[in-house]
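Input: a single structure, listed below in structure tokens.
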Amino acid sequence: MSDKDKNAAEEAAEGKSKTNFIEAIINEEIKEGKHEGRVHTRFPPEPNGYLHIGHAKAICLSFGIAQKYKGKCNLRFDDTNPSKEETEYVESIKEDVKWLGFQWDEEHFTSDYFDQLYEWAEKMILDGKAYVDDQSAEEIAAQKGTPTKAGIESPYRNRTPEENLRLFRDMRAGKYKEGEKVLRAKIDMAAANMHLRDPLMYRIMHKEHHRTADKWCIYPMYDYAHGQSDYIEKITNSLCTLEFEVHRPLYDWFLDQLVEDEHYRPRQTEFARLNLSYTVMSKRKLLQLVKENYVNGWDDPRMPTVSGMRRRGYTPGSLRNFADTIGIAKRDNVIDVALLEHAVREDLNKVAPRVFGVLDPVKVIITNYPEGQTEEMELINNPEDESQGSRKVPFSREVFIERNDFMVDPPRKFFRMGPGREVRLKGAYIVKCEDYKMNAETGKIEEIYCTYDPDTKSGMSQANRKVKGTLHWVSCAHALDAEIRIYDRLFMDEAPDGHEDKDFKEFLNPESLQKTTAKVEPALANAKALDHFQFQRIGYFNLDPDTQKEGRLIFNRTVPLRDSWSKKGK
RNA sequence: UGCCCGAUGGUGUAAUUGGCAACACGUCUGACUCUGAAUCAGAAAAGUCCAGGUUCGAACCCUGGUCGGGCAACCA
């Protein structure tokens with residue numbers, strides 16, 4: 001654990017951070033002496049996909065609460081549906097949780113509890129609380145009624161416990177086909193809460209389970225498994241998202257039937273899930289993007305997955321800060337991605353070295369600089385961290401600058417180059433734009449002609465002269481060509497998330513991934529590959545995305561014109 | 001026309017649980033800058049969905065509305 005983490009934990013323990021409503025509930029429980037002040041949470045993903053930024057919020061919450069109260073937090077894989085779950089996902093989830101900076105106290109699988117759950121099911125059958133239904137899924141659905149109309153009881157509802165037990169054991173023994181029989185809880189077909197209308201507890205699935213293989217052919221449903229798993233693990237606070245709110249009465253009902261030690265009864269509390277603007281987080285849709293090759297895998301840098309964001313250069317700390325900033329509440333929310341991007345910039349600015357690279361080069365010729373001369377300019381690697389030192393960058397008569405760092409007719413607050421203007425080439429000289437060559441047909445700038453002031457080299461007497469702005473540059477003679485993948489937002493507009501069936505792929509940004517040849521400084525010669533990300537206001541480079549261990553570089557500004565400039569004119 | 005939940009500046013969250021509505025992001029203005037659009041200084045912006053009620057006092061409690069979300073998978 002880093003010092004920073006420690007401080008955060010201590011601060012939280014001392015109650016310096018703001019308290020959310022869940023902490024208020026826990027404080028109340030502690031005051032009442034519930035669980036003897038013990039706090040034990042859990043993060044229970046289904047291993048059917050990769051974790052995304054929404055999960056990161058949930059992880060920070062459950063693990064964060066445990067840290068704050070010096071309690072425990074378990075990682076539990078909710079693997080009750082073998083048709084969707086895979087070991088690949090289990091591994092990625094563990095990796096992502098660790099990367100986020102959390103270590104779970106216990107690791108479990110719901111499948112570890114299949115025996116116990118089965119035993120409890122038999123008990124419920126014997127108690128007359130559960131029965132085997134022979135009807136089809138369609139028939140059961142039809143009998144369920146609607147939110148405004150009560151359901152009707154199954155003709156099999158009143159079988160004797162003995163018969164139910166025999167049938168249930170036969171189900172387990174594999175005597176029936178999928179869909180032929182199910183086990184249902186006997187609650188109330190007229191309940192106002194649809195989830196209480198004799199919900200399914202077990203269904204038959206002749207499927208290989210990623211952990212129990214073919215041991216079972218009946219699998220428990222989420223509602224039957226979750227509360228009991230919490231109970232088994234002695235979870236005190238079971239935190240989940242809002243859509244499970246209507247499940248809580250059922251969660252409690254099952255516990256009512258089975259809890260023997262009230263002391264260990266867990267409590268479910270719901271919070272609002274994260275919604276991010278311009279971001280699709282539905283696992284189903286992310287899976288579709290992967291399967292249909294719209295992206296290059298779950299960890300494609302454009303994906304909102306934890307692994308994608310890792311490749312994109314987000315730091316664990318920035319994600320935790322983000323989670324902390326958005327807080328926890330029960331009301332639906334949509335967070336602007338700008339807030340997330342702000343969190344990375346804040347973090348990256350402190351750690352990432354700066355380099356020169358020109359994505360869209362225009363040649364600048366310094367007409368009064370001696371031909372063939374080269375100077376080594378000393379550049380600070382990170383203005384926010386002296387310990388990162390400096391490097392030498394060669395300078396010569398012809399340099400590339402960014403195309404959008406020059407405007408023929410600059411608006412009021414444009415501090416970069418324009419005809420007749422002086423700007424500083426960062427770490428080198430002040431230059432003045434004397435002339436430029438424009439393609440008459442396309443209006444494209446082809447070359448810019450400048451003169452330099454030899455007395456203004458960084459560190460020299462005249463170096464402090466005020467100029468409009470500062471530009472990054474790369475010497476033409478020394479520039480390296482770098483194949484760069486430029487990543488931008490995956491979705492341009494608000495694509496429908498969740499279960500809406502509109503084709504969200506229509507909202508994909510066709511230019512979310514572009515390849516270009518940029519001019520970069522020689523120091524990047526050993527970079528294996530460069531991925532460039534547009535974080536709204538800074539360009540960010542990830543060196544060597546394969547190992548993900550190498551550099552975090554900030555390419556000196558690659559910001560497009562601000563809207564407000566064009567609005568205001570000059 | 002059922003049940004459950006929610007509603008506080010543009011956005012998101014607070015408000016010592018009934019006691020001066022605060023913080024962050026964003027926006028705007030100015031300053032500064034060898035690019036961090038960072039930083040610094042300042043400003044605008046809600047009177048807490050509406051209508052009643054209780055109270056010395058209500059964002060908070062009560063009643064009735066309005067609006068928004070969720071719930072009818074052999075998914076989780």
Side-chain angles (χ1 to χ4, degrees), chain A residues 18-20 24 28 44-46 48 78-81 83-85 110 133 135-138 140-142 144-151 178-184 191-197 199-205 218-219 221-223 225-226 240-249 270 272 277 283-284 324-336 338-343 345-346 348-350 354 379-380 382-384 405 413 415-416 423-430 456 458-459 463-467 469-472 536-538 554 556-559 562 564:
Chain A
K18 61 188 179 186
T19 59
N20 58 50
E28 192 59 32
E46 181 186 14
N48 68 342
D78 212 352
D79 55 352
T80 57
N81 184 355
S83 67
K84 290 163 76 177
E85 295 147 8
T110 304
D133 197 328
Q135 299 178 103
S136 69
E138 294 70 34
I140 290 174
K144 199 147 201 170
T146 68
T148 54
K149 197 175 142 225
E178 286 189 15
E180 216 174 321
K181 283 183 168 49
V182 291
L183 184 71
R184 299 177 73 180
N193 184 334
M194 298 286 292
H195 294 277
L196 262 20
R197 322 246 258 230
L200 267 63
M201 291 167 61
Y202 274 92
R203 77 287 213 190
I204 296 169
M205 294 179 96
I218 57 171
Y219 292 94
M221 303 291 291
Y222 165 84
D223 284 307
H226 204 90
C240 61
T241 46
L242 240 32
E243 66 265 29
F244 292 100
E245 210 159 20
V246 282
H247 292 245
R248 186 168 6 107
E270 312 84 12
S277 60
K283 264 195 207 172
R284 202 186 88 223
D324 196 49
T325 305
I326 60 179
I328 297 292
K330 287 192 83 162
R331 96 174 92 157
D332 296 314
N333 60 77
V334 181
I335 310 279
D336 198 322
L339 194 56
L340 180 60
E341 289 168 347
H342 174 263
R345 285 199 304 274
E346 203 175 35
L348 252 27
N349 280 341
K350 280 180 249 164
R354 314 298 135 97
L379 270 298
I380 305 282
N382 186 338
E384 294 186 27
D405 277 346
K413 291 212 134 190
F415 290 142
R416 287 119 87 178
V423 293
R424 173 172 292 283
L425 295 178
K426 185 174 170 64
Y429 298 98
I430 290 175
T456 57
S458 293
N464 291 328
R465 215 167 83 211
K466 306 274 186 227
V467 287
T470 306
L471 307 182
H472 59 278
Q536 192 176 15
R537 282 179 190 165
I538 57 172
I554 290 178
N556 282 285
R557 193 173 59 200
T558 59
V559 190
R562 259 216 300 213
S564 54

Quick one: classify the glycosidic conformation of U54(B) as syn or anti, with syn meaning within 90° of 0.
anti
Across all strands, who's sitting opposite A22(B) as a Watson-Crick or G-U wobble pair, both distances under 3.5 Å?
U13(B)
Watson-Crick or G-U wobble partner for C3(B), using a 3.5 Å limit on both distances?
G70(B)
Is the phosphate of C34(B) approached by R465(A) (side-chain N or O, under 4.0 Å from OP1 or OP2)?
no
Let me know the distance between CE of M221(A) and C1' of A76(B), rounded to the nearest Å.
9 Å
Any N or O donor-acceptor pair linking the side chain of H342(A) to the base of A38(B) at under 3.5 Å?
no
Would you tell me if any nitrogen or oxygen in the side chain of N333(A) comes within less than 4.0 Å of OP1 or OP2 on U13(B)?
yes
For U29(B), the nucleotide meeting Watson-Crick or G-U wobble distances (both under 3.5 Å) is A41(B)
Does U13(B) have OP1 or OP2 under 4.0 Å away from a side-chain N or O of T325(A)?
no
Phosphate-side-chain proximity, R203(A) and A76(B), N/O vs OP1/OP2 below 4.0 Å:
yes
Residue whose nearest RNA chain B nucleotide is more 5′ - P45(A) or N349(A):
N349(A)
If you measure from the C1' atom in C71(B) to the same atom in A76(B), how many Å do you get, rounded?
15 Å
Specify the glycosidic conformation (syn or anti) of G53(B), with syn defined as within 90° of 0.
anti
Using a cut-off of less than 4.0 Å, is there contact between a side-chain N or O of R354(A) and OP1 or OP2 of G36(B)?
yes
Taking the side chain as everything from C-beta on, heavy atoms only, tell me whether R184(A) gets closer than 4.5 Å to I140(A).
yes
